[in-house]
Amino acid sequence: MNNYQTPLRDIDFTLFELFDYASHCRAIGHASLDRELTGAFFGEAARFAEDVLAPLGPVGDQQGCRLVDGKVITPTGFKEAYQQYCDAGWPTLSRSVAYGGQGLPQSLGVILSEILGTPNWAWGMYAGLSQGAMHTIETHGTEQQKLQYLPALISGRWTGTMCLTEAQAGSDLGLLRTRADPQADGSYQISGTKIFISSGDHDLAENIVHIVLARLPDAPVGTKGISLFVVPKVLINEDGSLAATNGVSCTALESKMGIHGNATCVLQFDGAKGWLLGEVNKGLNHMFTFMNLARIGSGLQGLAHAELGYQKSRLYARERLQMRSLTGVKNASGPADPIIVHPDIRRMLLTQKSLVEGIRMLSYYTTIKMDASQHATSAGERQQATDLLSLLTPVVKAFSTEAGFESANLALQCLGGHGYIRDWGLEQNLRDCRIATLYEGTTGIQSLDLLGRKVLGTGGKTLAPLLDEITHLCRNCNGNELLTAHAAQLTRLSQEWQQLSMNIARQAQHNPDEIGAAAVDYLMYSGYLVLAFLWLKAQQTVLLQLAQPVADPGFYRAKLAAAEFYFARILPRTISLVKAMESGAGNLMNLSSADF
């Protein structure tokens, strides 16, 4: 059932009222991006998302992709939608003007990905991965490589992928075996098999540019011996025209749980011609340029499925008549009351609302820091934003996808048995969502990155900028009796966060397994705390708005209710997370492997 509506009002609130996006854009050299212009831009994207992409969501799920004579055929309508996307200039948005882009902030492109991806994430992945390929080439490529690949990628005529995973090398990329043999002309012959390659082959564009991790013959073992290569599906003549097909083929499509409309491929590289991207044996470092953008994109996937599920379950709860309210009849003209009057349905809807809008705030806050890390006027501001972005990236990826899956699951639950069948699209939404906690590094991997590298590895220094912002906000709330209790709650948690970090660091000196044992709980604790910071900031913003006449007071009252619900019913989850972390590694590691 296609009833999706782009949440333009909440996007506008989050950007312009909560984060003062207009001032942010002026500070990074984009003064023309005011509220009116940005709103018109998002409105046009919303029409495309609702009218073109949303109806194709169930089509992609039911048809899936097909491998015919070695070529991947995408579902009906996908190719035409992609052409409309290119004709409208969407892929050029945040890319460099020097190579055909519009040069607008990266944050704007991320929000566009949310708008276009929410009604049809499988389709959105084709465009999203291309953005990562462009960003990687622009960051690490030679000028010749940029001129050769970027104009066609930016226009959308070509798409891009990231090729990391192999059958024996998933999260442990040091085990990868794909070889890169140097050739006399400066190119390399790439040979090996990559699996789980999203958008790895399709019929949407005339060429696909693969960004591939491989190992030179004399490379050191492990991750220190990995290099990065650009490998086109079709070779390119000196004048930019397409030449012969390269030695890259799709040998199978993965049979998978969801996102059927996106081609998840097994790619075989049989002496394919490739070119070094960046420095020899620095490939994993270079690929993080792609992976970190993809991790933020994965966080957006959690947001997208949470938003889609919330919209569908909210509509159903308003219309479905079941039983009478415990406090008396609410629908006297009908045989029963709408289920939205029942406390348990409201629990599920408010959980979804507080997580959806909280994840949106977290995503936008992070992408604004991404802009600042690249374009802030002073080196100090750029470094502070870079440190904060480094801290938040694993939280955005892992917390947003875990919370997004919970939200999508609750959406299905609201419909009861009707959620389990196809009619409302919630079972597809849940299946599509499940992959988000797995790829670009599982929740466990992201948690080790956050706790082990970002926090303990820096002696806790990366926490400082965020803790300073939290402290500043809480102090500003002390004079407002409506916010004081929440500010005190957040202050206590931020102090506890620091203490937990120090305690785990101490325990890990005696037993390194303490880091792994605490990591996921630590990341989820961090996510709930950061959302509390953002919900308190949202409350403060709403109260300032309500101090004057507003056109839509109901929108602001709903924000306050969601914030109150979050602090009362969601944030206390941190209590059990602390208990779990404090219990130590023994209850996980004492049992012999043979006794499981």
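Not measured: the values here are computed from a predicted model.
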Whether the side chain of S187 engages the backbone of W275 through a donor-acceptor N/O pair (distance < 3.5 Å, no angle test) should be reported. no
Considering residues at least two apart in sequence or located in another chain, which fulfil the salt bridge (Lys or Arg N to Asp or Glu O under 4.0 Å) criterion with D449? R453, K454
Check whether any side-chain N or O of Q311 sits under 3.5 Å from a backbone N or O of Q5 as a donor-acceptor pair, and report yes or no. yes
Check: D371 side chain, P105 main-chain N or O, donor-acceptor pair, under 3.5 Å: no
Quick check: closest heavy atoms across L164 and L173, and the distance to 0.1 Å? CD2-CD1, 3.6 Å
Set out, in order, the CA-CA distance, both residues' side-chain angles and the distance that settles side chain to side chain contact (heavy atoms under 4.5 Å, CB included) for L242 and L235, then state yes or no. CA-CA 6 Å; L242 296 180; L235 294 169; over 6 Å; no
Could you check Y21 against D12 for side chain to side chain contact (heavy atoms under 4.5 Å, CB included), going step by step and ending with a plain yes or no? CA-CA 9 Å; Y21 192 64; D12 177 80; over 6 Å; no
With side chains defined as the heavy atoms from C-beta onward, is the minimum distance between I236 and W158 less than 4.5 Å? yes
Donor on one side chain, acceptor on other, Q63 and T76, under 3.5 Å: yes
L267 side, atom CG; I190 side, atom CD1 - distance, nearest 0.5 Å: 13.0 Å
Between D203 and R66, does any NZ, NE, NH1 or NH2 come within less than 4.0 Å of an OD or OE carboxylate oxygen? no
Donor-acceptor pair between D432 and H305 side chains, under 3.5 angstrom: no
Is a side-chain N or O of Q428 found less than 3.5 angstrom from the main chain of G57, in a donor-acceptor match? yes
Determine yes or no for a side-chain-to-main-chain donor-acceptor pair under 3.5 angstrom, with N281 supplying the side chain and S227 the backbone. no
Less than 3.5 Å apart, any donor N or O on the side chain of S94 or Q102 sitting next to an acceptor on the other? no
Could you report the tightest heavy-atom contact between P119 and Y4, atom names first, then the distance? CB-CD2, 3.7 Å
Presence of salt bridge, E138 and R95, under 4.0 angstrom: yes
So I421 and E427, do their side chains get closer than 4.5 Å, heavy atoms only? no
Y82 side-chain N/O to G156 backbone N/O, donor-acceptor pair under 3.5 Å: yes
Applying salt bridge (Lys or Arg N to Asp or Glu O under 4.0 Å), can you list everything that pairs with D201, at least two apart in sequence or on another chain? K233
side-chain hydrogen bond (donor to acceptor under 3.5 Å, both in side chains) evaluation trace for T178 with E166: CA-CA 8 Å; T178 298; E166 300 177 12; 2.6 Å; yes
Any sub-3.5 Å donor-acceptor pair from D239's side-chain atoms to S241's backbone N or O? yes
Strictly below 4.0 Å, N to O, side chains only: are R295 and E440 in salt-bridge contact? no
How close do I28 and A376 get, heavy atom to heavy atom, and via which atoms? CG2-N, 4.5 Å
Quiz question: by atom type and distance under 3.5 Å, do the side chains of S249 and D270 form a donor-acceptor pair? no
Atom CD of Q144 with >12 non-hydrogen neighbours under 6.0 angstrom: no
Side chains of N246 and V234, heavy atoms from C-beta outward: is any pair under 4.5 Å? no
Can you tell me if K224 has over 12 outside heavy atoms packed within less than 6.0 Å of its NZ? no
Looking at every heavy atom in both V248 and P232, which two are closest together, and how far apart are they? CG2-O, 4.2 Å
Contacts under 3.5 angstrom, residues 284-292 side chains, donor-acceptor by atom type, not counting sequence neighbours:
residue: H286; atom: ND1; partner: H140; partner atom: ND1; Å: 3.4
residue: H286; atom: NE2; partner: E279; partner atom: N; Å: 3.0
residue: T289; atom: OG1; partner: H140; partner atom: NE2; Å: 2.7
residue: T289; atom: OG1; partner: H286; partner atom: O; Å: 3.2
residue: N292; atom: ND2; partner: F288; partner atom: O; Å: 3.3

Can E357 and R360 be counted as an ion pair, charged N to O under 4.0 angstrom? no
Around E238, counting heavy atoms of other residues, nucleotides and ligands shown, do more than 12 lie under 6.0 Å from its CD? no
Can you measure from OG (S198) to CD1 (I435) and round to the nearest 0.5 angstrom? 7.0 Å
Distance col, row K256:NZ vs F196:CZ, nearest 0.5 angstrom, shows 10.5 Å
Strictly by modelled atom types, are H210 and T161 linked by a side-chain donor-acceptor pair under 3.5 Å? yes
Any side-chain heavy-atom pair of L56 and P75 under 4.5 Å: no
With a 4.5 Å cut-off on side-chain heavy atoms, are L228 and T136 touching? yes
Going by heavy atoms in the side chains, are Y364 and I11 under 4.5 Å from each other? yes
I'd like to know if the side chain of S373 and the backbone of M370 have a donor-acceptor N/O pair within less than 3.5 Å. yes
Could you tell me whether Y188 and F229 have their ring centroids closer than 6.0 angstrom? yes
Return the minimal non-hydrogen interatomic distance between C65 and T74, and the atom names on each side. SG-CA, 4.2 Å
CD1 on I359 to CG on L300, rounded to 0.5 Å: 10.0 Å
Are more than 12 heavy atoms from other residues, nucleotides or ligands located less than 6.0 Å from atom CZ of R157? yes
Test side chain to side chain contact (heavy atoms under 4.5 Å, CB included) on L37 and D34; report intermediate values, then the result. CA-CA 6 Å; L37 178 60; D34 59 16; 3.2 Å; yes
Report yes or no: do Q106 and T367 form a side-chain donor-acceptor pair below 3.5 Å? no
Output yes when a side-chain donor or acceptor of Q352 lies under 3.5 Å from a complementary backbone atom of Y310, and no otherwise. yes
Flag the pair D181 and R179 as a salt bridge only when some basic side-chain nitrogen lies within less than 4.0 angstrom of an acidic carboxylate oxygen. yes
Working to the nearest 0.5 angstrom, can you tell me the gap between K71 NZ and C250 SG? 13.0 Å
Heavy-atom check, side chain of Q446 versus side chain of T443, under 4.5 Å: no
Go through Q268 and T193 one step at a time and tell me if the side-chain hydrogen bond (donor to acceptor under 3.5 Å, both in side chains) criterion holds. CA-CA 5 Å; Q268 186 67 37; T193 305; 2.6 Å; yes
Spacing of CG belonging to L412 relative to CG belonging to L430, to within rounding of 0.5 Å: 6.0 Å
Please check: side-chain N/O of K397 versus main-chain N/O of A436, any donor-acceptor pairing under 3.5 Å? yes
Minimal non-hydrogen separation, G527 against F399, with atom names: CA-CD1, 3.6 Å
